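What you see is a predicted model, and the numbers here were worked out from it, not measured in a lab.
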Amino acid sequence: MSGEDAPAQQQNAVDQKQETKPTEEPKTETESAPAAGAAEAAATPAATTEKVPEEEAFTYRALVLTGYGGYDKVKLQVKKGKPVLKAGEILVRVKACGLNFADLMARQGLYDRLPSPPVTPGMECSGVVEAVGEEVTDRKVGDKVMVLNRFGLWQEVAVVPAAHTFLIPDGMSFEEAAALPVNYITAYMMLFDFGNLRANQSVLIHAAAGGVGIAATQLCKTVKDVTVFGTASASKHETISQGGVTHAIDYRTKDYVEEVRKISPKGLDIVLDPLGGSDTHKAYNLLKPMGKLITYGTANMLAGQKKNLLAVAKNWYHQFSIHTLSLIQGNKSVCGFHLGYLDGEMELISEAMNTILDLYKQGKIKPRIDSTWHLEQVGDAMRKMQERNNIGKVVLTTEPMPEEEKKEEPKKEDKKEDKKKDDKKKDDKKKDDGKKEEKKDDKKKEEPKKEEKKEEEKKEEPKKEEK
């Protein structure tokens, strides 16, 4: 998320240069760049007697979305050339990056705040300030910061406006810092700026085991006697209950509307809806008078690795729409939230972030890290999140993958392929069994017909005798 066009244009220019001249990439790009830091790369002499300028010798690794589609569309590349800072900008040596649901949608071409490929995704990261541009007075080299930007942060170095950074508090790890901005700002602004959450109110949080879900639950617990309803698969109920969810609901086996009505017949004060489609209708109908529906996503559009046109069409077909008179007569409100469109509101975002960091320092909130992955493993990281197997934040680290782990990767891939083959065999067997059952059923259905024919033939015999 970025309110500035200049960094975006600069990054796109670098991306285009790399895409159009692949032959200029180092032959050992996946090994030499990670092994040597930026300083060593800049100081290395060229093969000729003349030294290569520092800007040209500078290399860094970046994840690049090369096109829309599956997990393999995000590739690790090496970029050349030291980024040039403009007034008000800083250069950050990235340590960790956050993975968000919007990144999954962007990979499929369903998120309009990401420029067209090739482009480096990533809306949040943490790291150390390595250089500052002119007119930057509140950041210095060596500062540990977390960054919020529209895109471009899944790489080893990133140029961002200084105003888009926040100092990391003492005791907070780089992984926690990368997990905090998007999820906690989103949850905070929905609950308190839109929701006006107060004591003794009730809130429904979908995907309560996800990044925003856990952030929202923790923030609800900072207000006295708030009842939290949270949807998640059964295997995650113990964790979210320990984290503050009052009533955990398994959305896969139960109707969450009925479950909420059993406990709170009048309905709810606040519903946070990241799903869209028909679920937004359900959310609105769950509101009690003076209740607030805050919709902030269309997760129902995401079905499978690649864009599912049926899921997209279904979501749009069931899009929620309401007449203002209905709002007036129902004494309800509907709000829409999209952090990506608050580009020019950094003062508003900074105010929310300062409150969030104060709560962290008081020990009232703490990001939960589900897992950390190397940049080389971004496909596995995205898969884990898209298949809803995470509890908390999925984080990418820029630390190069150890050689031993790299050697293990092909073996893991082989195991995955074997598993796919086994699953396919099982599916084929189920289909065959299903066909056999159908044939048996057909045969059973034919039996009565044969009996009827026999009965009819028996009846016909006397008639023939008479003739």
Side-chain angles (χ1 to χ4, degrees), residues 96 98-101 124 146 169 171-173 175-192 195 197-254 256 259-260 263-264 268-275 283 286 294 296-297 299 337 352-353 355-372 381 384-385 387-395:
L99 178 60
N100 292 286
F101 208 80
E124 61 188 343
M146 59 186 82
M172 180 184 283
S173 68
E175 288 76 18
E176 287 178 331
L180 192 135
V182 171
N183 292 162
Y184 281 83
I185 291 173
T186 297
Y188 181 88
M189 297 184 83
M190 288 195 297
L191 287 170
F192 296 104
L197 180 64
R198 301 189 301 279
N200 301 306
Q201 290 192 323
S202 55
V203 182
L204 171 61
I205 300 172
H206 285 290
V212 174
I214 287 177
T217 302
Q218 291 180 1
L219 289 168
C220 282
K221 303 317 287 184
T222 65
V223 180
K224 188 179 179 183
D225 296 328
V226 171
T227 301
V228 178
F229 293 82
T231 65
S233 54
S235 61
K236 302 175 183 179
H237 284 191
E238 183 179 353
T239 302
I240 64 174
S241 296
Q242 291 173 353
V245 170
T246 318
H247 304 288
I249 303 169
D250 183 1
Y251 68 95
R252 293 180 177 179
T253 60
K254 295 181 180 178
Y256 64 84
E259 295 302 309
V260 169
I263 300 165
S264 181
L268 303 166
D269 295 294
I270 299 172
V271 177
L272 305 182
D273 170 38
L275 305 175
L286 272 175
I294 303 151
Y296 67 103
F337 183 83
M353 192 60 154
T355 304
I356 291 166
L357 291 176
D358 285 341
L359 290 171
Y360 176 86
K361 292 171 186 175
Q362 294 166 27
K364 293 183 178 179
I365 63 168
K366 183 179 177 66
R368 178 190 173 95
I369 309 300
D370 171 84
S371 53
T372 302
K384 179 160 193 178
M385 189 173 185
E387 293 178 356
R388 314 303 205 269
N389 291 326
N390 60 302
I391 301 179
K393 192 75 171 183
V394 177
V395 174

For residues 244-252, which side-chain donor-acceptor pairs fall under 3.5 Å, sequence neighbours excluded?
unit_1	atom_1	unit_2	atom_2	d
Thr246	OG1	Val228	N	3.0
Asp250	OD1	Arg252	N	3.0
Asp250	OD2	Thr253	OG1	3.0

Taking distance alone, no hydrogens or angles, what donor-acceptor pairs closer than 3.5 Å link side-chain atoms of residues 202-209 to residues at least two apart or in another chain?
unit_1	atom_1	unit_2	atom_2	d
Ser202	OG	Asp269	N	3.2
Ser202	OG	Asp269	OD2	3.3
His206	ND1	Thr231	OG1	3.3

### Task
Before giving the answer on side-chain contact (heavy atoms from CB on, under 4.5 Å), spell out for Asn100 and Asn183 the whole-Å C-alpha distance, their side-chain angles and the decisive distance to 0.1 Å.
CA-CA 8 Å; Asn100 292 286; Asn183 292 162; 3.4 Å; yes
### side-chain contact (heavy atoms from CB on, under 4.5 Å) assessment of Leu180 paired with Met353
CA-CA 9 Å; Leu180 192 135; Met353 192 60 154; 3.3 Å; yes
### Task
Decide side-chain contact (heavy atoms from CB on, under 4.5 Å) for Arg388 and Lys236; before the verdict, give the C-alpha distance in whole Å, the side-chain angles of both, and the deciding distance to 0.1 Å.
CA-CA 10 Å; Arg388 314 303 205 269; Lys236 302 175 183 179; 4.2 Å; yes
### Task
Check the pair Lys366 / Glu176 against side-chain contact (heavy atoms from CB on, under 4.5 Å), numbers first and verdict last.
CA-CA 8 Å; Lys366 183 179 177 66; Glu176 287 178 331; 2.4 Å; yes
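What you find for Ile240 and Gly230 is that their closest heavy atoms are CD1-O, 4.3 Å. In terms of heavy-atom proximity, Val223 sits nearest to Ala199 at CG1-N, 3.5 Å. The two residues Lys393 and Ala179 have their closest heavy-atom pair at CG-CB, 3.4 Å. Of all heavy-atom pairs between Ala96 and Val395, the closest is CB-CG1, 4.0 Å. Among all heavy-atom pairs drawn from Ala177 and Pro181, the shortest one is O-CD, 3.0 Å. Of all heavy-atom pairs between Met146 and Pro169, the closest is CE-CD, 4.1 Å.
Counting heavy atoms from C-beta on, the side chains of Thr239 and Arg368 come closer than 4.5 Å. Contact annotation: the side chain of Thr355 never approaches that of Phe192 to less than 4.5 Å [non-hydrogen atoms, C-beta and beyond].
Separation of atoms CG (Leu272) and CE (Met190) is listed at 4.5 Å; rounding is to 0.5 Å. Here the CD1-OH distance, from Ile365 to Tyr360, works out to 9.0 Å after rounding to the nearest 0.5 Å. Note that OG of Ser264 is 9.0 Å distant from CG of Leu286, once rounded to the nearest 0.5 Å. Note that the NZ atom of Lys384 and the OG atom of Ser371 stand 4.0 Å from one another [nearest 0.5 Å]. Put simply, CG on Leu219 and CE on Met189 are 12.5 Å apart, with the number rounded to the nearest 0.5 Å. With values rounded to the nearest 0.5 angstrom, Ile185 atom CD1 is found 11.0 Å from Tyr188 atom OH.
Among pairs with a residue in residues 216-227, those fulfilling side chain to side chain donor-acceptor pair (under 3.5 Å) read Tyr184-Gln218, at least two apart in sequence or across chains.
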